[in-house]
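In each ligand, atom 1 is the first atom listed, and ligand 1 is the first ligand listed. Nothing fancy with the numbering, it's 1 onward along the sequence.
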Amino acid sequence: MKKTWWKESVVYQIYPRSFKDGNGDGSGDLRGIAAKLDYLQWLGVDVLWLCPIFQSPNDDNGYDISDYRAIMAEFGTMADFDELLAQAHRRGLKILLDLVVNHSSDEHAWFVESRKSRDNPYRDFYIWKEGKNGQEPNNWGSAFGGSAWQYDPATAMYYLHCFSKKQPDLNWDNPAVRREVQDIVRWWLDKGVDGFRMDVINLISKDPRFPDGPVAPGKLYADCSLALNGPRVHEYLRELHQNVLSKYDIMTVGETGGVTPAIARDYVAENRAELNMLFHFEHMDLDKDRERLAQKPFRLTELKRILSTWQKDLGDDGWNSLYWNNHDQPRVVSRFGNDQEYWEKSAKMLATCLYLQRGTPYIYQGEEIGMTNMAFETIADYRDIGVLHAYQEEVVQKGRDCQEFLRYQRHFSRDNARTPMQWDDSANAGFSGGTPWIKVNPNYRRINVSAQMTDRESILHYYRRLIKTRKENEVILYGSYDLILADSEEIYAYIRALDKQGLLVVCNFTAQTPLFELPEHIRYSAGQLLIGNYTVTDGPMARFSLRPYECRAYLFSFTEEIYRLK
Ligand code: TEU
Ligand code: CA
């Protein structure tokens with residue numbers, strides 16, 4: 001396996017609108033980010049991924065881009081960006097941008113032209129179809145609800161939008177579109193950015209027959225995700241890699257829903273020359289019944305099965321990304337942890353469990369201080385287009401119980417991740433001197449960076465230690481991974497191995513006190529505690545009882561030849 005900087009890096013994801021407001025207008029911005037670079041450097045992360053910062057009418061908070069070479073007015077100017085990039089580089093921090101090219105904004109000049117006439121030179125930049133018997137061209141639905149087709153009276157045809165109707169899908173089958181995307185990517189790389197996170201990148205190639213899809217019970221439309229991993233997606237990614245990406249020393253991570261380890265290999269295996277790694281969603285639906293908008297019980301054995309399969313299957317060829325959180329997901333401590341009595345212990349345990357696996361860790365802003373879900377009270381508190389659309393459809397149109405709907409959103413809404421970063425206990429958590437665009441979580445007086453900075457036992461200091469520990473131990477970066485005690489519903493335990501060096505990670509996902517026993521076939525010597533979230537005084541690593549949400553990682557040596565894990 002090749003060693004590279006991006007396999008040894010830790011990525012920190014920033015949602016610019018909610019990170020730090022530099023000018024008091026209530027929205028985070030680029031100057032705000034620049035003001036926090038010292039903090040990020042102190043934390044020890046290497047790469048900053050910025051969610052979209054490009055010009056946008058913000059129908060979907062920047063995931064609808066109207067000019068790929070301009071900065072969103074609320075976030076600042078191109079001069080601010082250049083300054084941020086220079087300041088980051090000076091500190092050894094790299095910057096990843098969010099490339100959103102499955103679709104653009106309907107306000108992008110291409111689309112403004114495209115919709116003018118059937119023979120406009122930009123017509124084929126988007127996907128236009130005739131209606132079928134006065135209906136939409138097929139039964140595909142948008143991710144935010146309703147049909148994925150919008151009728152446009154100017155030319156009496158429909159255009160495809162897998163997300164909102166202000167996010168028309170680009171037509172990648174048109175070589176001119178692919179050339180434009182390549183130019184954009186080259187333009188930013190020449191400016192010095194260090195790579196891209198690529199939004200829904202496996203959605204770019206649609207089946208040219210546009211077939212109807214299966215419709216789930218109680219739904220009107222087929223899920224647009226049926227168009228994922230389309231017929232020419234690999235051809236297009238390779239072309240992008242060959243013509244542009246391969247010429248730079250950068251990193252790429254694709255956001256790819258609907259991907260299993262087997263499918264993933266075709267995107268990230270080294271000889272494929274497509275992407276470095278990707279984000280799959282298999283562990284994000286464990287506790288969520290999307291169809292019925294309900295919570296479902298979470299089983300630890302399922303989580304272990306999924307994460308371990310990814311660890312094994314992308315073992316020697318390809319690379320994993322490790323994430324619990326992003327701007328689309330609820331806060332992990334409220335989800336797989338315990339944000340009440342064991343808030344601090346469970347936040348540290350979750351970090352340990354994931355970030356000692358093989359792959360590149362992604363930390364989402366606020367995760368490092370254990371930020372929690374937000375109990376928004378009314379629909380008026382929500383900002384996410386996804387929630388607002390679902391409210392219209394479910395509550396207003398279908399008459400679903402409003403309280404039940406809100407209960408679901410309190411668990412799963414994307415706005416849980418988007419409340420402002422909690423810097424200190426001053427007004428608005430030190431995020432902004434103005435009125436924040438979305439409510440601040442009232443728990444900021446207790447949970448904030450400043451308080452945790454001064455407390456060496458805090459979640460924040462623990463994250464910093466964990467990041468440092470990763471870098472100091474090759475076995476964490478490049479060692480193999482083997483799950484042990486696969487059947488336990490309480491303990492997540494695994495072994496990493498590199499030559500004779502071993503690492504044992506044991507995590508208790510419950511408030512109970514289960515007993516851990518190392519399987520007998522693992523022979524070792526000199527077990528030594530590397531990191532953990534409780535003080536440890538008891539003896540050997542082979543047998544101990546765990547306290548609520550306790551985690552421990554031990555370094556050890558295999559006594560030769562014995563290392564044969566089942
Ligand atoms: O998300 C794509 C995506 O698959 C989401 O619909 C995801 O499944 C959902 O948010 C989970 O709740 C990307 C971006 O991350 C998201 O913020 C954008 O809204 C979307 O693409 C459109 O660009
Ligand atoms: Ca601002």
### Message
Testing the basics here: between R123 and W128, what is the closest heavy-atom pair and its distance to 0.1 Å?
### Response
O-CD1, 3.2 Å
### Message
When you measure from the Ca ion (ligand 2) to the N, O or S atoms of N23, does any of those distances fall below 3.0 Å?
### Response
yes
## Note on the structure
Counting from 1 in the order shown, the ligand 1 atoms closer than 4.0 Å to a non-hydrogen atom of F144 are 19 (O)
### Message
Looking at R299, I'd like to know if its CZ atom is crowded, meaning that more than 12 non-hydrogen atoms belonging to other residues, nucleotides or ligands lie closer than 6.0 Å.
### Response
no
### Query
Got a donor-acceptor contact below 3.5 angstrom from the D212 side chain to the N139 backbone?
yes
### Query
Looking at atom 21 (O) of ligand 1, what's its closest protein heavy atom, distance included?
D199 OD1, 2.9 Å
### Within-shell test, M284 vs ligand 1, heavy atom, strictly < 4.0 Å
no
### Protein residue, atom and distance nearest to atom 3 (C) of ligand 1, heavy-atom basis
E255 OE2, 3.8 Å
#### Entry: Reported CD1-to-CD distance for the pair I369 and Q422, which is rounded to 0.5 angstrom
5.5 Å
#### Entry: Side-chain (N416) to main-chain (S413) donor-acceptor, under 3.5 angstrom
yes
### Query
To the nearest 10 degrees, how large is the angle at the Ca ion (ligand 2) between D21 OD1 and S27 O?
80°
### Query
Can you tell me the protein heavy atom closest to atom 10 (O) of ligand 1 and the distance?
R414 NH1, 3.1 Å
### Query
How far is atom 18 (C) of ligand 1 from its nearest protein heavy atom, and which residue and atom is that?
D60 OD2, 3.3 Å
### Query
What's the spacing between E282 CD and W310 CH2 if we round to 0.5 Å?
5.5 Å
### Task
Please verify whether a non-hydrogen atom of K288 lies at under 4.0 Å from ligand 1.
no
### Summary
When distances are taken from atom 20 (C) of ligand 1, the protein heavy atom at minimum range is F163 CE2, 3.8 Å
### Close N or O approach (R197, ligand 1; < 3.5 Å)
yes
### Task
Specify the protein heavy atom at minimum distance from atom 8 (O) of ligand 1: its residue, its atom name, and the distance to 0.1 Å.
R290 NH2, 3.9 Å
### Among K439, R418, R410, salt bridge (charged side-chain N to carboxylate O under 4.0 Å, His left out) partner for D381
K439
## Note on the structure
In D29, the N/O/S atom nearest the Ca ion (ligand 2) carries the name OD2
#### Entry: Per-atom contacts of ligand 1 with H103, taking only distances under 4.0 Å to non-hydrogen atoms
22 (C), 23 (O)
#### Entry: Option among N428, D21, I438 that satisfies the side-chain contact (heavy atoms from CB on, under 4.5 Å) test with P420
I438
### Message
So that I know where these two stand, are Y323 and H283 an aromatic pair - ring centroids less than 6.0 Å apart?
### Response
yes
### Query
Hey, does the side chain of D384 reach the backbone of D415 with a donor-acceptor pair shorter than 3.5 angstrom?
no
### Query
Which atoms of ligand 1 are found less than 4.0 Å from any heavy atom of H327?
14 (C), 15 (O), 16 (C), 17 (O)
### Message
Restricting to N/O/S atoms, is D25 within less than 3.0 Å of the Ca ion (ligand 2) or not?
### Response
yes
### Query
Salt bridge or not for R91 and D38, using N-O below 4.0 Å?
yes
### Query
What residue and heavy atom of the protein are closest to atom 12 (O) of ligand 1, and at what distance?
D328 O, 3.6 Å
